[in-house]
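For the single chain, residues carry numbers from 1 onward in sequence order.
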Amino acid sequence: FKSLEPKQATKVRAILKTITSKFPNLELVISWNQPMLKLGDHYIFGISTAKNHILFAPWSQDVLEKFRPKMKDLDVKKKTIGVPNDWDIDEKLLHALVRARIAETK
């Protein structure tokens, strides 16, 4: 987080806290120099940043496609979801994405 602009770092921490407060069994790891949440051997959620936005991914194109209709106001790509640095965190969406990804790993 040291390499991030302070406001962006705060937002990334808030996104991760939103998820880990609901799913405390997820482990925060750094992979490919990015924060990732894992459950056992499975990546569940990843996050990365660029100057003007934050990207996150549920590590599943199936999960991404399932929730695509609910993310019309977000920048949904093939494997990632882009949000502006000042995004109002959608806890329900994040929790649903993580819940769906965890279900896939079982």
With hydrophobic residues grouped by side-chain heavy-atom distances under 4.5 Å, do Phe45 and Leu28 end up in a single group?
yes
Exercise answer: donor-acceptor pairs, residues 72-80 side-chain atoms, under 3.5 Å, sequence neighbours excluded:
unit_1	atom_1	unit_2	atom_2	d
Asp75	OD1	Lys77	NZ	3.2

Using the side-chain contact (heavy atoms from CB on, under 4.5 Å) rule, take Met71 and Leu64 through it: C-alpha gap first, then chi angles, then the decisive distance, then the call.
CA-CA 9 Å; Met71 300 185 292; Leu64 199 63; 4.1 Å; yes
Given Asn85 and Lys11, is the side-chain contact (heavy atoms from CB on, under 4.5 Å) satisfied, shown in steps?
CA-CA 7 Å; Asn85 289 332; Lys11 183 63 73 168; over 6 Å; no
Could you please spell out the steps behind the side-chain contact (heavy atoms from CB on, under 4.5 Å) verdict for Ile102 and Leu26?
CA-CA 10 Å; Ile102 290 171; Leu26 296 179; 4.2 Å; yes
Listing request: all side chain to side chain donor-acceptor pair (under 3.5 Å) pairs with a residue in residues 50-60, at least two apart in sequence or in separate chains.
Ser60-Glu104
Do any side-chain atoms of residues 90-98 form donor-acceptor pairs under 3.5 angstrom with protein atoms, and if so which ones, sequence neighbours left out?
unit_1	atom_1	unit_2	atom_2	d
Asp90	OD1	Lys92	N	3.3
Asp90	OD1	Leu93	N	3.0
His95	ND1	Glu91	O	3.4
His95	NE2	Thr18	O	2.9

Do Leu37 and Val29 belong to the same hydrophobic cluster, where Ile, Leu, Val, Met, Phe, Trp and Tyr are linked whenever their side-chain heavy atoms lie under 4.5 Å apart, directly or via other members?
no
Begin from the C-alpha positions of Leu55 and Thr49 and carry the test side-chain contact (heavy atoms from CB on, under 4.5 Å) through to its verdict.
CA-CA 6 Å; Leu55 293 173; Thr49 61; over 6 Å; no
Return the set of residues passing side chain to side chain donor-acceptor pair (under 3.5 Å) with Arg68 (not counting sequence neighbours), or none when no residue passes.
Glu65
Run the ring pair (Phe, Tyr, Trp, His ring centres under 6.0 Å) test against Phe67 and tell me which residues pass, sequence neighbours left out.
none
Mind checking the CG-CD spacing from Asp86 to Gln8? Nearest 0.5 Å is all I need.
11.0 Å
Under a single-linkage definition using a 4.5 Å side-chain heavy-atom cutoff for Ile, Leu, Val, Met, Phe, Trp and Tyr, are Val63 and Met36 assigned to the same hydrophobic cluster?
no
Here the side chain to side chain donor-acceptor pair (under 3.5 Å) pairs for residues 19-34, sequence neighbours left out, are Ser31-Tyr43
How many angstroms lie between CD1 in Ile81 and CH2 in Trp87, if you round to the nearest 0.5 Å?
8.0 Å
